Visitor: 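Here it is: the structure, laid out below.
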Amino acid sequence: MLTKNNLEIAAQEELAPGIYRIVLHGEFDYAAVRPGCFVMLQLPDEAYQLRRPLAIAASNETQKTIALIYRVVGDGTRLLSKLTPGMLLSILGPLGNGFSLGADNSAEEVLLVGGGTGLPPLMMLAQALNEKGYAVTTAIGFRTASMAFGEKEFEHNGKLLLATDDGSKGFKGNVGELLAKQSVKKYAKVYACGPAGLLQMVQKRFAETETEIYLSLESRMACGVGACEGCVVSTKDGIFNKRVCLEGPVFDGREVIL
Amino acid sequence: MTIAGRLAVELPGLKLKNPVMPASGCFGFGDNRYAEMFDLNELGAIIIKAATLKQRDGNPVPRIAETKSGVLNAVGLQNPGVDVILHDKLPVLHKKYPELPVVANIAGATEAEYVKVAQKMSASGMVSALELNISCPNVHEGGMLFGTDPTTARRLTEAVKEVSQVPVYVKLSPNVTDIVEIAQAVAAGGADGLSMINTLLGMRIDLKTRKPILANKTGGLSGPGIKPIAVRMIYQVSRAVDLPIIAMGGIETADDVIEMYLAGASAVAIGTAHFHNPTACPDIIEALPRKLDELGISSLRDLITEVRSAQTNDN
Ligand SMILES: Cc1cc2nc3c(=O)[nH]c(=O)nc-3n(C[C@H](O)[C@H](O)[C@H](O)COP(=O)(O)OP(=O)(O)OC[C@H]3O[C@@H](n4cnc5c(N)ncnc54)[C@H](O)[C@@H]3O)c2cc1C
Ligand SMILES: Cc1cc2nc3c(=O)[nH]c(=O)nc-3n(C[C@H](O)[C@H](O)[C@H](O)COP(=O)(O)O)c2cc1C
């Protein structure tokens, strides 16, 4: 069920320079949360007319908490990073379709590919896939070692391939270059979230394979509920025929046009 | 059907149990997840997304940008076309909410297109009124061009009135030097009411890319930042033209609604407020009676009469 509730900030920490993890506590339809779903968060200042879309990085029904991980990129996320425990935030969600997980007890190999702020939804996904029995490999990239976060979570749920642009940790180069050195045919599914360039790379790299491709998109949006036609994307079936907020944010990589 | 209650208002074609309706383009055809958060039957009416003769794909993305106390949009009237709307969208809306009055926003690139859409929409039996959109700033043909020249605006109003089987509200553009002149022109063209205001043409530039944020470069500004402009324009127009006005432009609260009534409005539409408060409409409807008590207003109908007669004395 879609709700708009005030959740209390339970904790907030800086994971890496400019990357924050915020934990929110309160009433939410936890049962409806799937990896890849997001919320629209209202900043506590009426000058911000638009809620910020942020992916759900973790959800805990017993503790009644969700965690969001975000990068400070503008005024809104900067304000968010200054907020302290005890404050209330209006959260609209859960929104979006989420990733398609496939069958239980599958031993298939799957690949997760992420960059930058594309990582948060993949964390929840890695755990869900691992629990289902999939052999999860995650390939993620950062600018430099000090910017890295989420390694522990991904290692806990499978194998981690790490790249840094400057080679200060793991493979030297970006995730695309890292994957270029690997055989990817073994993967039954690939899930990607991150900047447009990364999604295009995945789309291209797997185009000739049998692998199922799931891409999670970002777009500037206003309503988050399929009402305003702000965040549209095109697929093979038509121009601007899907909304990232409603039919997405996850799309079939063989259908969606980036 | 008679309507009762202190929030009830009556406008041409619209007998409303309360004056609150979602504004065009901010609520689709009622086929969105806002409908999970409250019962649309609570609304006074609904104004649906613009309908054009043929399907429109709209503008490239990004279509949305934010500014302090406002939003810029350049959706570009994306809609599936009047036939699909009449075949797929309105019957669903009508079936789910049989009592909910529907106002159909219509747009076109040429007069002939407007006329065809008006004909089809108004003959459907599913809409109570038309909102003639002569004020969309986000399309490159038609749209706002019809709303910035009094002669063109009047001609179009006459043509649509000639074919429409339901009352016609003309939605005015604030992007003009003298809105009163346009309002008088469409009144002379036979408009049954006015709807005001549409968005103001604006732009935002990204400091890093040095390019406009919106792919369309310009967009329409809405939200609380434009409310004083809407109030001023409604105030001016209601003094010059004897037509009921559906007010919109930055309305977020019951206070805002009353302010619009004091300017000269007869009903209100809520757009941008949904984006931060998805239950803006039911929240306002719930808050209105208390606000009327507080201000010593017996009913909205009385308030309209009071404001209109005070205006006559002013003049
Ligand atoms: C479905 C979805 C999930 C997302 N998940 C995450 C996440 O888990 N972690 C994270 O760090 N970021 C995520 N983002 C991106 C995040 O929404 C933006 O970084 C954030 O809105 C920026 O807000 P701001 O006020 O700091 O930036 P400003 O640039 O000041 O924002 C101005 C406006 O532009 C919008 N905007 C700016 N950048 C983006 C963007 N990249 N995508 C969408 N809207 C944008 C803002 O929402 C706001 O409406 C997600 C985006 C989407 C669509
Ligand atoms: C995303 C968006 C889409 C809109 N689409 C339409 C439209 O299709 N037709 C129309 O007449 N007005 C459209 N409008 C204008 C609104 O109906 C309204 O006139 C304007 O936004 C001012 O009200 P507000 O400040 O409450 O949003 C749109 C506005 C927004 C924000």
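Note that the structure is a prediction, hence the values are computed from the model and not measured. Here is how names work: the chains are called A, B, and so on, in the same order as the sequence lines, proteins then strands, and each is numbered from 1.
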Visitor: For the CZ atom of B/R33 and the SG atom of A/C245, what is their distance to the nearest 0.5 Å?
Guide: 9.0 Å
Visitor: Run the side chain to side chain contact (heavy atoms under 4.5 Å, CB included) test on A/M221 and B/I64 for me, step by step, so that the C-alpha distance in whole Å, both residues' side-chain angles and the decisive distance to 0.1 Å come before the verdict.
Guide: CA-CA 6 Å; A/M221 50 181 67; B/I64 303 287; 5.9 Å; no
Visitor: Checking A/L50 against chain B: side chain, backbone, both or neither under 4.5 Å from a heavy atom?
Guide: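 Both backbone and side chain of A/L50 come within 4.5 Å of chain B.
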Visitor: Any chance you could measure A/C223, atom SG, to B/F27, atom CZ, to the nearest 0.5 Å?
Guide: 10.0 Å
Visitor: For chain A, which candidate among B/E36, B/M37, B/E66, B/K68 shows the most heavy-atom pairs at distances under 4.5 Å?
Guide: B/E66
Visitor: Distance from A/L92 atom CG to B/H276 atom NE2, nearest 0.5 Å?
Guide: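 These two atoms lie 12.5 Å from each other.
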Visitor: Donor-acceptor pair, distance only, cut-off 3.5 Å: does the side chain of A/Q42 make one with the backbone of B/N277?
Guide: no
Visitor: How close do A/F240 and B/G58 get, heavy atom to heavy atom, and via which atoms?
Guide: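 In this case the closest contact between A/F240 and B/G58 is CE1-O, 4.0 Å.
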Visitor: Can you find a pair of side-chain heavy atoms, one from B/K49 and one from A/C228, that are under 4.5 Å apart?
Guide: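 When only atoms from C-beta onward are counted, A/C228 and B/K49 do not touch, as no gap falls below 4.5 Å.
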Visitor: Between A/T3 and chain B, with a heavy-atom cut-off of 4.5 Å, which part of the residue counts as in contact: side chain, backbone, both or neither?
Guide: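 A/T3 touches chain B through backbone heavy atoms alone.
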Visitor: Nearest 0.5 angstrom please: B/R63 CZ to A/E229 CD, how far?
Guide: 7.0 Å
Visitor: Measure A/D45 against the heavy atoms of chain B and call it side chain, backbone, both or neither at under 4.5 Å.
Guide: neither
